[in-house]
Amino acid sequence: MAIDNAELIRMYRTMLTIRRFEERASKEFRGGSVPGLVHSYIGQEAIAVGVCFNLRKDDRMVSNHRGHGHLISKGADIRRMMAEIYGKRTGYCKGKGGSMHIADFSIGILGANGIVAAGLPIATGAALAAHLEGGDRIAAVFFGDGACQEGEFQESLNLASIWKLPIIFVCENNQYGVNTHYQYAIAGGSIPRRARAYNLPVRTVDGNDVVAVYEAAREVVARTRTHVGPYFLEFKTYRWYPHFESDAIPDLRPREEIAAWKKKDPIKRLAKRLLKEGVATARELEAINEEVLGRIDEAVKYAVESPLPRPEDALEDVYSTQGIS
Amino acid sequence: MAIDNAELIRMYRTMLTIRRFEERASKEFRGGSVPGLVHSYIGQEAIAVGVCFNLRKDDRMVSNHRGHGHLISKGADIRRMMAEIYGKRTGYCKGKGGSMHIADFSIGILGANGIVAAGLPIATGAALAAHLEGGDRIAAVFFGDGACQEGEFQESLNLASIWKLPIIFVCENNQYGVNTHYQYAIAGGSIPRRARAYNLPVRTVDGNDVVAVYEAAREVVARTRTHVGPYFLEFKTYRWYPHFESDAIPDLRPREEIAAWKKKDPIKRLAKRLLKEGVATARELEAINEEVLGRIDEAVKYAVESPLPRPEDALEDVYSTQGIS
Amino acid sequence: MRKITYAQATLEALQEEFRRDKRVIHMSNDIPPELREEFGEERVRLTPIAESAFVGAATGAAGSGFISVVDLRMATFGFVAMDQMVNQLAKITYMFGGQARFPVLLRMSIGAGIHMAAQHSISPYAMYMNVPGLKIITPATPYDIKGLLKTAVRDPNPVICFEHSLLAPLEGEVPDGEYTLPLGEADVKRKGSDVTIVAISKMLHDALAVAGEMEKRGVSVEVIDPRSLVPLDINTIKKSVAKTGRFVVVDEACRTCGAAAEILARVTEDEDIFRKLKSTPRRVCGLDVPIPYSPPMEDYVIPDRAKIRAAVEKVVGSQA
Amino acid sequence: MRKITYAQATLEALQEEFRRDKRVIHMSNDIPPELREEFGEERVRLTPIAESAFVGAATGAAGSGFISVVDLRMATFGFVAMDQMVNQLAKITYMFGGQARFPVLLRMSIGAGIHMAAQHSISPYAMYMNVPGLKIITPATPYDIKGLLKTAVRDPNPVICFEHSLLAPLEGEVPDGEYTLPLGEADVKRKGSDVTIVAISKMLHDALAVAGEMEKRGVSVEVIDPRSLVPLDINTIKKSVAKTGRFVVVDEACRTCGAAAEILARVTEDEDIFRKLKSTPRRVCGLDVPIPYSPPMEDYVIPDRAKIRAAVEKVVGSQA
Ligand SMILES: Cc1ncc(C[n+]2csc(CCOP(=O)(O)OP(=O)(O)O)c2C)c(N)n1
Ligand SMILES: Cc1ncc(C[n+]2csc(CCOP(=O)(O)OP(=O)(O)O)c2C)c(N)n1
Ligand SMILES: [Mg+2]
Ligand SMILES: [Mg+2]
């Protein structure tokens, strides 16, 4: 089933939004206007977009430390994201979370996470909720090759598998956890093999080809909505930037490798396709870029102009005051 | 390569020692002379014996909560074990550990453990030591099907695998963790499949046939001594007694299943073989039983007559005072 | 009033809440048979031995509209799920600016005296008290556990209930009808005027026994059970100390950085109370050693009536 | 004397101990390049992201004759290995009756002020202090960390070194030659006669700054760095409080059941000291909230000089 043109253009726009958002966030961080640190998603945009474009607003999604792309793809407001990164009161978490901890529960984003693999059990619980609700909602969780090294990874796959929960485990295999190659850290060198051991069906897909990602996700999402059990998707990809924006950890990956992967730019690849297939003209694509840049500017402006939290706001939200019945 | 007769007899004696030790420990616990609780190894004797008879004194072994059989097979003194279970000063741990925490570092027993799967990383470290020492020592760790459900299981297999450590993972699949069947708790229902996912070679063996266990272990131990990497052995078996001696948790396993497995008694099976092959006469086997019972009596006597620790002894051993250089 | 055991009161609390609210679910390594039978295998779920996974799943389900009850059994089994409790569940409401609520009740048994050695005899609630975002209760009577557990299930936040193993068979009066008890309200279990004892969990009963003995010797002891350690009802405690001027806090858990240290600090750092103290405040705690297996040593390292009595005598001084 | 940074002092300590004793090995998610280059990949091992496995492996190797150094990086990453630290490593010597020694040095960074929100900004040493069997150090200067780390490597027991992230670039005098510092010895960093401040880790520097200011106002402040929290040199602290009669303890970690509570309790429960106290002892601690990301809130919840000053003024009362 072909993807319709409007959807392709929307995907292009979203990938570009992620790219420009990350470029800007990195720049602002390097320039000192943003506190904390930023794990850039640049290079991996096709995965979040291809997967999340198959999710509904009421599907639940759990993200990790490299979460901006996941959030944008699931429909988060980039102004409130940027405001959060700026530590402003208008941010998604009122400035309490920052880059590593953004959530939007109103659209099923259960949040990013600073602990490697810790999102997997939480997402499994979201899938349990979907299962108990009995509808066709599903859960999806994004994580890296590094997360496949933690015990919680296996425990979560196992639990989802024996309880036949409607969850998609989305592994973004960008080949490194910080500077450690997954071929070193993962015995046998195969993540799919690991997932299969927990009885999950697995598919490995080129994570730099948004159309391939989208199509794989479409099938897998449809299957998962029937609540027959979990699914594991491995996407091969690469991160362009160092582990995070900050020079605290040097990037030790081979320069040629980085350069080679930059040639596989998922955004350029989609652009080429759109042009070749006549879905869009170069001018139209440039217009999208302008529009995206405008929205990023606007988001930054929103963030900059938003008020900082009051110091005493720190005392709120330790406990929820939402009534439960 | 056949096992020589003397070795078969020694194995028989050791299995019987475990059986009688456990029967007595349970009786003493039920009678109130022993504090705490006792996880009986009865029914699984062939595994500890078949494996440990291939280990050297200087090989390191890590045990779990159901540890008495492992300790006896590796050569622990049953008097000091019994004294420990009685909480006496002459016990292996001066009464500090009790049934669940017995060790004898002088013969490479790094200890039993009350936390499911927690021994696996420790044993992996013992194997790392063997690897760094550069000799042909190895490590072995005993654990149940239940331990294969914990994250530490996978993390340890992975670490041992990527570092090619000389360790044998010995899974005693007695099919239940307390009352939970492994077919329920282990997605896909296969423990070997899980181990293979971490690139470990695996063999599944009848855990109630001590000769089969011994022969498998012999090969695997010889291989592991060459430091080519870890190995995974799964032994199918069954525990005869409830999870532990104490009625705090009822035994919910099917009665017929328990009865059927009791017919597969590993000790009777070896006895039959010894008789059939003319290795021993019925009278000789009975003599062994008498001798074993005598030694158990003696161990109990030793334990009973040993002094209790002084209350203030509790203050010692929080920190080691052994010099390090 | 009818008398039931602590264990029965616990079960009743859960049964009632399961009946009241279909969103309540249960996860544990062992199936509680009464709950399973009445509420079925979907709501009362048997877990693999994988605490991180099911504590995390409890969080995820709670953040998705359910109410999770997790029985971890012994507190010692909680450490393999520590990150999910202290880094995820405790912080998730705050980190996300209060967007969602996470009603999760975690139950763990605590306590020495069962001859199960260092791993299985611990009372680690202070470690969790050091983590903002969790609520912590330590009910010591059938009446209290029933009322507090029911409130805990209805709380939109994570609550950990620590239950001393030796309390399970304890009988006590529990009314027939529905009732709940608020978290964060200490209970004055015995009125007195000369000394205030604050006693946590099972120690309450030992403290009450000592109070009874002391009365015969002319010393009037007030005994307070905080019941909830977070939030802690320090005002009830301070009011009592302001009255008696003498203060002992009794906790079976080990001393260093324990709940007793915190309670002592909160009492003494209050200027008004500090001025009213007639003698040095005292802690009676478990010693700072892992719990040994053998009973003579085990008894030695945990508080008992003699130690409580000695502390009361000390703070009362020549009066006693 | 030459000046080097805290980070450099740390590295030197490890380099020297690696040279001195071939049994010392290192495990971490990141390779420390200088160690790797000099000591090779067998001794300086790169681990997968599997903290339970490599902390446990450190224990097993230590119990088999090696000396394990584990760099967990941020303390927040320790929780996934909590069982291996608090239920295994801390108890293994004791449970087995002292049969073997377990020399393991665990390093973790702590502290807020880096705008990394609730998970990555914590100072959870009190949770570990509540676990008998561990030794815990919190060095605050280049000189101290070098001397203490070298001792820690030679200690036959588990030692956890908590290092505040903001201290890494701090410069200080460190002699050229070999030296070690004993665990369990507090250091009087500044002599004074009116008030005693005990300040932990990075807070030491803030306390010293306040002491400097107060001197100009005629208040003489003694500042003590415990350096080691377990064992804790309470005698040095008590001696000081006996002299000054006024006491403030400063700790960035959150208040409830923190190290500050313990130190305050140990000081006030001493009858002799209690009698000598001229004013209510005070804690200056992090607030009991998860650390928020945004700087205005983050600054608000952790102690700073103004808060320390206010506490000193309070305990000094009309004198200041
Ligand atoms: C339990 C834990 N250990 C270590 C870290 C430090 N850390 C943060 S991200 C990261 C690498 C994660 O790699 P991967 O999962 O592949 O994600 P990627 O960064 O490649 O997107 C590490 C080690 C952490 N956050 N949590
Ligand atoms: C982390 C942890 N969770 C739960 C327990 C409680 N527990 C003790 S033994 C056991 C079952 C273990 O099953 P298995 O590993 O198959 O060993 P078996 O008892 O069958 O020999 C459980 C759940 C524990 N000790 N540790
Ligand atoms: Mg990666
Ligand atoms: Mg089993």
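Quick note: numbers below take in every heavy atom, side chains included, and nothing from hydrogens, waters or symmetry partners.
Scanning both residues, A:Asn158 and C:Pro48, for their nearest heavy atoms gives ND2-CG, 3.9 Å. The two atoms that bring C:Ala53 and A:Ser156 nearest to each other are CB-N, 4.3 Å, heavy atoms only. Of all the heavy atoms in A:Tyr319 and C:Val230, the pair that sits closest is OH-CG1, 3.3 Å. The shortest non-hydrogen separation linking A:Leu110 to C:Ser64 is CD2-OG, 3.8 Å. Scanning all heavy atoms of the two residues, the minimum distance from A:Ser320 to C:Asn157 falls at N-OD1, 2.7 Å.
Heavy atoms of C:Gln99 lying under 4.5 Å from chain A belong to its backbone as well as its side chain. Heavy-atom distances place no part of C:Lys91 under 4.5 Å from chain A, backbone and side chain included. For chain C, the nearby parts of A:Ala103 are the backbone and the side chain; heavy atoms of each come within less than 4.5 Å. Only the side chain of A:Leu128 comes within less than 4.5 Å of a heavy atom in chain C; its backbone stays farther off. At a 4.5 Å heavy-atom cutoff, the contact between A:Ile162 and chain C is made by side-chain atoms alone. With a 4.5 angstrom heavy-atom cutoff, A:Glu152 touches chain C only via side-chain atoms. Heavy atoms of C:Ser68 lying under 4.5 Å from chain A are absent altogether. When heavy atoms are compared at a cutoff of 4.5 Å, A:Asn113 approaches chain C solely by way of its side chain, counted from C-beta outward.
Applying the 6.0 Å contact sphere to NZ of C:Lys239 captures no more than 12 heavy atoms from other residues, nucleotides or ligands. By the neighbour-count criterion of 12 heavy atoms within 6.0 Å, atom CD of C:Glu41 is sparsely surrounded, having that number or fewer from other residues, nucleotides or ligands.
Contacts with chain A were tallied for C:Val80, C:Leu89, C:Leu134, C:Ile25; C:Leu134 has the most, counting heavy-atom pairs under 4.5 Å. Most heavy-atom pairs under 4.5 Å with chain A: of the set C:Pro158, C:Pro132, C:Gly98, this distinction falls to C:Gly98. When A:Lys94, A:Glu155, A:Arg60 are compared by the number of non-hydrogen pairs under 4.5 Å with chain C, A:Glu155 comes out ahead. Across A:Ala130, A:Ala127, A:Pro121, the residue that shares the most heavy-atom pairs under 4.5 angstrom with chain C is A:Pro121.
Within the 4.5 Å cutoff, the side chain of A:Leu132 has heavy atoms near those of the C:Arg45 side chain. Side-chain contact check for A:Ile122 versus C:Gln84: some heavy-atom pair is nearer than 4.5 Å. Looking only at side-chain heavy atoms (C-beta outward), C:Glu42 and A:His131 come within less than 4.5 Å of each other. Between C:Phe66 and A:Glu133 there is a side-chain heavy-atom pair separated by less than 4.5 Å. Two residues are said to be in side-chain contact when any heavy atoms from C-beta on lie closer than 4.5 Å; C:Phe96 and A:Lys96 fail this criterion.
Atom OG of C:Ser52 sits about 14.5 Å away from atom CZ of A:Phe153, to the nearest 0.5 Å. The CD1 atom of A:Ile115 sits 5.0 Å away from atom CG of C:Asp83, with the distance rounded to the nearest 0.5 Å. Annotation: the span from C:Arg101 atom CZ to A:Thr321 atom OG1 amounts to 11.0 Å, rounded to 0.5 Å.
The closest donor-acceptor contact from the side chain of C:Tyr94 to the backbone of A:Ala314 lies under 3.5 Å.
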